[in-house]
Engineer: 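Please read through the structure below; I'll follow up with questions.
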Amino acid sequence: MSHELSKSYEPGAIEKRWAEYWIEQKLFHVSAPTKEDPRPVFSLLLPPPNVTGFLHMGHMFEQTQMDIMVRWRRMRGFLTLWLPGTDHAGIGTQMMVERQLQSEGKKREQVGREAFVERVWEWRRHYGGAILDQMKRLGASVDWDREYFTMDENLSRAVREVFVRLYDEGLIYRGRYIVNWCPRCGTAVSDLEVKHEDVAGKLYEIRYPVVGTNEFITVATTRPETMLGDTAVAVNEKDERYRHLHGRKVRLPLMNREIPIITDELANPEFGTGAVKVTPAHDPNDFEAGLRHNLPQIDVMDEHARMNQNAGPYAGLDRFEARTRVVQDLEAQGLLVAIKDHTIPLGKCDRCRTIVEPRLSAQWFVKVEPLAKRAIEAVEKGYVRFTPENYKQVYLNWMYNIHDWCISRQLWWGHRIPAWRCLDCNTIIVARETPTKCTQCPGSRLEQDPDVLDTWFSSGLLPFTALGWPDATRDLEVFYPTSLLITGFDILFFWVARMIMLGCWFIAPPHRPQRAGDDAKSADDVLRESVPFREVYIHALVRDADRQKMSKTKGNVLDPIEVIEQYGTDATRFTLAAMAAPGTDIAFNASRTAGYRNFANKIWNACRFMFMNLDRVAPGLRPDSAGSRPEAGVRGFEAIALEDRWILSRFNRVAQEVSEALEAYRFDDAARGIYDFFWGELCDWYIELIKPRLASEEGAEKEAAQRACKNLVSLFEAAIRLLHPVMPFITEEIWHALYDGRPPLKSVALAAYPVAQAKQLDLAAEIEMAVLQELIVSVRNLRAELAVEQKQRVPIQIFTEETAVRTLIEQNRGAVERLAGVAKVTFAKDSLAKLSSVRHAARFDVHVVYEKKIDAAVERVRLKKELERIEKEIANVQRQLGNDQFLSKAPAQVVEGLRKREPELAALREKTQSKLQELR
RNA sequence: GCGCGAUUAGCUCAGUGGUAGAGCACUUGCUUCACACGCAAGGGGUCGCUGGUUCGAUACCAGCAUCGCGCACCA
């Protein structure tokens, strides 16, 4: 790039070029360093996007925040690894491919398992690639050479390893239990994948005849169709109403089956009739009760939630049809007592919204309690820290109440469970590699379990498997535990919690003897080093401009690529960063992005201005960069004039603030700080102030112009580095241009991040500059009030009691005249209070000498309003100063402030009143 | 049912125990030789309601209201 810049910033071409450059140059690739490498390490894992489709604004938000952190740390000199990858997303991806098949009029059963899985791989090649292309567009500075996919062979091997170890430790078991079953997906799902919704339902009261009496016992149920599988009726032992029925049986209506009346805690005398039907095969509580009382388990539905042959005459009906028919038939037989309105929490499949059916089936489970114990300890001891902090409690509450985790899925896409059944003796063999013969009998006819593992089982391992586990790799040694995890709260339990459980378990198994040399390590040390990440930053959700959650069904999904195409990646990133106050959801509003596109353009034009001058007065000038890695601060800057001292000080102060903001994940503060500095100080004031110096063409003045140019370049270069993590593209472009295409490093991303240097802070300059700014703004203000024409220069009078202020103004007379449209500055000996068109500042009064040409009526209204405001404040101040309690208890500086303020206000009131008088 | 969060300018959001802030939108004036994606000036808010703590509350506490979100096997 040369110094020839287009008149306005056009992000499209530039961004594409740099995105490709970064990848070609492998700028963000790191390999595990030698033991002598002194650099601190910063590592983090990209939460792998699902390969189910394209990235949405939420992904972009997440990646923007990660990229800011990563680029910042890298520039701060950390050995920085950001590990990218994608997730196979078992159930989701399978669903997409099934849908695709359906459009061809096919079902996966027709295609067959092997061919189906091949189809999914095809899908993955297509969409996985699309996602990675999008990430490149966002400028994510990941290490592309380490990209992983959760179904890669090495990761699959690690999954088998974990499964076998947990099984051997007795922490994985198989059994027939009630699980959440999605009849549409045809698989079990975990508790977390069921979303409960309160819906208006019915409570049916049904009479069951008691055998050998004329009595009935009335039970209540929300799901009458399950009565076909009833194997008992339960009453509470203490419930007097049913004491006489203990030991009796009832005849189950419709099925004509005798079932016992049992006493069990399951029946709550307070609820309904106090008697409850027991259906062990269709309800988790009933299942438990069934075990307590040794009841048969009669499953009346198939995997599609249609009634099966156990449902007698109802066989073949869908569960909801069956409900209607059962109710009709009961009513016909006079056994239906009542139908009452009842709100029921209905469980729906998180993936497809189908109503989940509790189903009895054989599944694999992880016994999580021992894992949870360590995962709790790690967080309670602060080895994993949450930001915002309240998520710590959310995490702990969940962990304290955790249930066993159903990990088997009746899907075809995913990691196949490494368990085989001997067809001869039914022995279950769990092994790392496919066994060839049975371990218990001579047989060799083995059949692998058809199920696959929950996707989160494998993603829960990623912090260590993506670094090469189970092999003892150098990567693991260096990069584990990772430094940080940035993710959304929606997967706090699914993923974050499980990574902590599995990391703490496998990286430092408490049950295994420590290796030699570990003796010095306490259990706490081991735990501290076993966590998958030391910090978790939970980001907010991106919503649309109306605060609606974005969803495909609502059609309000914002495609980040579209926004990027309209405003540029940098502007989009800046928007997300500026809105990323922790804990608050983002209502994404493109008008903000337009504003930040303008910001990019502003920087661009400031840069153009700089080059214009540079090429004229100091061609060949480059930023000072002695070493290969520029110093962290502003380099080669000469504090010649007040504005130089001022801007240098401001830069350092802002650099300090930005670093502090980033430390605290205050992306919003960091972005705002840079924005205000660049636009509000560098462009609005500094550049304006040095224009006269730059303009000089001849002789000694030309040298002054060159020095001013050098300062501007130095400062600009540092400011570009300060901005780079948030706006990587425009900064890369400008940075290369600053060095005329021959920068000392391949990228500004490898340069040093500005660090505030105490010796460059200059409080006196900041204060002096503030006085000048106040003077200039006051005059502009008065000019506007007096309706002075833009081009007309006006004389001003200044009164000040401080000689320092007078000197300051005299020394900067030219700046005042130019920036405030002043013809001549004179100093008054006496107060200007009695004149009109005067501004009072703390350290001076300024009067614009000009005959008003203003609308008296409008001015009167304005002044009256101002007077009201002043009087209100006076009343307030006097009330406080007249209060002894206030005087004795308030801090001295507050009291002092008000005491100073009182005469100021009085003068102001007098001033305003006399102005009003004049206008009469 | 339990818990969490939100409520501040027209909109989207920051913020603080001591005179209310930003971006966008709005009004007015400017083809000022980097930028109209700009420059300059300005209008606009009893900081959800009610109590309490305090010399002083938008901020801290309690209650209420509205909205949103988690967690929860009561048939």
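Every chain is numbered from 1, with letters handed out A, B, ... down the list of sequences.
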Engineer: Mind checking Ser8(A) for me? I need base, sugar-phosphate or nothing, with any heavy atom below 4.0 Å counting as a touch.
Structural biologist: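 Ser8(A): base contact, heavy atoms under 4.0 Å.
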Engineer: When you check the phosphate oxygens OP1 and OP2 of C39(B), does a side-chain N or O of Lys602(A) lie under 4.0 Å from one of them?
Structural biologist: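 For C39(B), OP1/OP2 do have a side-chain N/O of Lys602(A) under 4.0 Å.
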Engineer: What's the closest nucleotide to the Arg592(A) side chain, out of C35(B), A75(B), U12(B)?
Structural biologist: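 For Arg592(A), the side-chain atoms sit closest to U12(B).
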Engineer: Mind checking Lys691(A) for me? I need base, sugar-phosphate or nothing, with any heavy atom below 4.0 Å counting as a touch.
Structural biologist: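 Counting heavy atoms under 4.0 Å across all strands, the contact made by Lys691(A) includes a base.
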Engineer: Looking only at the side chain of Asn781(A) (C-beta and beyond, no hydrogens), which of the listed nucleotides C35(B), A41(B), C73(B) gets closest?
Structural biologist: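 When the side chain of Asn781(A) is considered, A41(B) is the closest of C35(B), A41(B), C73(B).
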Engineer: Under 4.0 Å between any heavy atoms, over every strand shown, what does Pro891(A) touch: base, sugar-phosphate, or nothing? Just pick one.
Structural biologist: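 Answer is base: heavy atoms of Pro891(A) come under 4.0 Å of a base.
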Engineer: Are the side chain of Glu205(A) and the backbone of Thr273(A) linked by a donor-acceptor contact shorter than 3.5 Å?
Structural biologist: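 No; judged by distance alone, with no hydrogens or angles, the pair does not exist.
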Engineer: Of the nucleotides U12(B), A34(B), A41(B), which one has an atom closest to the side chain of Ala784(A)?
Structural biologist: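 Comparing U12(B), A34(B), A41(B) against the side chain of Ala784(A), the answer is A41(B).
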Engineer: With sugar-phosphate meaning primed atoms plus P, OP1 and OP2, does Leu266(A) contact a base, only sugar-phosphate, or nothing at under 4.0 Å between heavy atoms?
Structural biologist: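 Base contact - Leu266(A) has a heavy atom under 4.0 Å of at least one base atom.
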Engineer: Strictly below 4.0 Å: does Lys195(A) bring a side-chain N or O up to OP1 or OP2 of G70(B)?
Structural biologist: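 So the side-chain polar atoms of Lys195(A) never come under 4.0 Å of the phosphate oxygens OP1 or OP2 of G70(B).
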Engineer: A cation-pi test, strictly: NZ or CZ of Lys691(A) under 6.0 Å from the centre of the six-membered ring of Phe609(A) and no more than 45 degrees from its axis. Yes or no?
Structural biologist: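 Because its charged atom sits under 6.0 Å from the ring centre and within 45° of the axis, Lys691(A) does stack over Phe609(A).
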Engineer: Record whether the side chain of Glu688(A) comes under 3.5 Å of the base of A34(B) through a donor-acceptor pair of N or O atoms.
Structural biologist: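 A donor-acceptor contact between them is present.
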Engineer: Would you kindly say whether Asp191(A) and His403(A) are connected by a side-chain donor-acceptor distance under 3.5 Å?
Structural biologist: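 There is no such pair (donor and acceptor under 3.5 Å, judged by atom type) between the side chains of Asp191(A) and His403(A).
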Engineer: Should Trp679(A) be listed as having a side-chain N or O under 4.0 Å from OP1 or OP2 of A22(B)?
Structural biologist: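 No.
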Engineer: Provide the distance between the two P atoms, one in U46(B) and one in C61(B), to the nearest whole Å.
Structural biologist: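 Pairwise P distance, U46(B) against C61(B), rounds to 25 Å.
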Engineer: Using a heavy-atom cut-off of 4.0 Å across all strands, would you classify Gly274(A) as base, sugar-phosphate, or nothing?
Structural biologist: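 Touches a base.
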Engineer: Using the P atoms only, state how far U27(B) lies from U8(B), rounded to an integer number of Å.
Structural biologist: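 Their P atoms lie roughly 25 Å apart.
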Engineer: Can you tell me which nucleotide in C35(B), G23(B), G18(B) comes closest to the side chain of Phe886(A)?
Structural biologist: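 Closest of the options to the side chain of Phe886(A): G18(B).
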Engineer: Would you mind telling me which of U31(B), G23(B), G29(B) lies closest to the side-chain atoms of Lys791(A)?
Structural biologist: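 Per side-chain heavy atoms of Lys791(A), the pick is U31(B).
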Engineer: Take atom P in U16(B) and the same atom in G5(B), then report the distance between them in whole Å.
Structural biologist: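 Each nucleotide's P atom is 16 Å from the other's.
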Engineer: On a whole-Å scale, what distance lies between the C1' atoms belonging to U58(B) and A6(B)?
Structural biologist: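 To the nearest whole Å, 15 Å.
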Engineer: Taking A20(B) as the reference, what is the distance to C47(B) when you measure between their C1' atoms (whole Å, please)?
Structural biologist: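 Straight-line distance between the two C1' atoms is 8 Å.
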Engineer: Contact class for Asn876(A) (heavy atom, under 4.0 Å): base, sugar-phosphate, or nothing?
Structural biologist: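 Answer is nothing: Asn876(A) stays at 4.0 Å or more from every strand.
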Engineer: Do Asp230(A) and Tyr208(A) meet the criterion of a side-chain donor-acceptor pair at a distance under 3.5 Å?
Structural biologist: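 Yes - a donor-acceptor pair under 3.5 Å links their side chains.
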Engineer: Determine which nucleotide pairs with U54(B), using a 3.5 Å limit on both distances of a Watson-Crick or G-U wobble pair.
Structural biologist: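 The base-pairing partner of U54(B), which may sit in any strand shown, does not exist here.
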Engineer: Does His342(A) put a side-chain nitrogen or oxygen below 4.0 Å from OP1 or OP2 of A75(B)?
Structural biologist: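 Yes, within the criterion.
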Engineer: What is the nucleic acid contact for Ala594(A), judged by heavy atoms within less than 4.0 Å: base, sugar-phosphate only, or nothing?
Structural biologist: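 Contact class for Ala594(A): none.
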Engineer: Taking the side chain from Arg783(A) and the backbone from Val848(A), do they hold a donor-acceptor pair closer than 3.5 Å?
Structural biologist: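 Side chain of Arg783(A) to backbone of Val848(A): no pair is present.
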Engineer: Work out how far the C1' atom of G42(B) is from that of A9(B), and round it to whole angstrom.
Structural biologist: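 It works out to 15 Å between them.
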Engineer: Which one, C39(B), G5(B), A34(B), comes nearest to the side chain of Asn390(A)?
Structural biologist: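 The nucleotide sitting nearest to the side chain is G5(B).
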Engineer: Are the aromatic ring centres of Phe489(A) and Tyr395(A) under 6.0 angstrom apart?
Structural biologist: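 No.
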Engineer: From the options U32(B), C71(B), A14(B), select the nucleotide whose nearest atom is closest to the side chain of Phe493(A).
Structural biologist: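 My answer, after comparing the listed nucleotides, is C71(B).
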Engineer: Under the 3.5 Å rule, do the base of C74(B) and the side chain of Asn268(A) count as making a donor-acceptor pair?
Structural biologist: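 Counting by modelled atom types and ignoring angles, a donor-acceptor contact under 3.5 Å is found here.
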Engineer: Can you tell me how far C1' in U32(B) sits from the matching atom in G15(B), rounded to whole Å?
Structural biologist: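 Each nucleotide's C1' atom is 36 Å from the other's.
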Engineer: Between G3(B) and G45(B), how far apart are the two C1' atoms, rounded to whole Å?
Structural biologist: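 To the nearest whole Å, 33 Å.
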Engineer: Between Glu270(A) and Asn613(A), name the one whose nearest nucleotide on RNA chain B is closer to the 5' end.
Structural biologist: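 Its nearest nucleotide lies further toward 5', so the answer is Asn613(A).
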Engineer: The side chain of Ile344(A) is closest to which nucleotide in this list: G18(B), A75(B), A14(B)?
Structural biologist: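 In terms of side-chain proximity for Ile344(A), the closest of G18(B), A75(B), A14(B) is A75(B).
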Engineer: Under 4.0 angstrom, heavy atoms only, what part of the nucleic acid is Gln880(A) near: base, sugar-phosphate, or nothing?
Structural biologist: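 If one applies the 4.0 Å heavy-atom cut-off, Gln880(A) turns out to touch a base.
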Engineer: Name the one of Tyr675(A), Tyr567(A), Phe677(A), Tyr9(A) that satisfies ring-ring contact (aromatic ring centres under 6.0 Å, His included) with Phe599(A)?
Structural biologist: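 Exactly one pass, corresponding to Tyr675(A).
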Engineer: Does a nitrogen or oxygen in the side chain of Arg666(A) sit under 4.0 Å from OP1 or OP2 of G15(B)?
Structural biologist: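 Affirmative; the distance criterion is met.
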Engineer: Quick one: on RNA chain B, does Asp676(A) or Arg223(A) contact a more 5' nucleotide (nearest heavy atom)?
Structural biologist: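 By nearest-heavy-atom nucleotide position, the 5'-most residue is Asp676(A).
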Engineer: So which nucleotide from C30(B), A41(B), C74(B) ends up closest to the side chain of Phe271(A)?
Structural biologist: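 Selected nucleotide: C74(B).
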Engineer: Looking at G38(B), I'd like to know if its phosphate oxygens (OP1 or OP2) sit under 4.0 Å from a side-chain N or O belonging to Asn598(A).
Structural biologist: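 For G38(B), OP1/OP2 do have a side-chain N/O of Asn598(A) under 4.0 Å.
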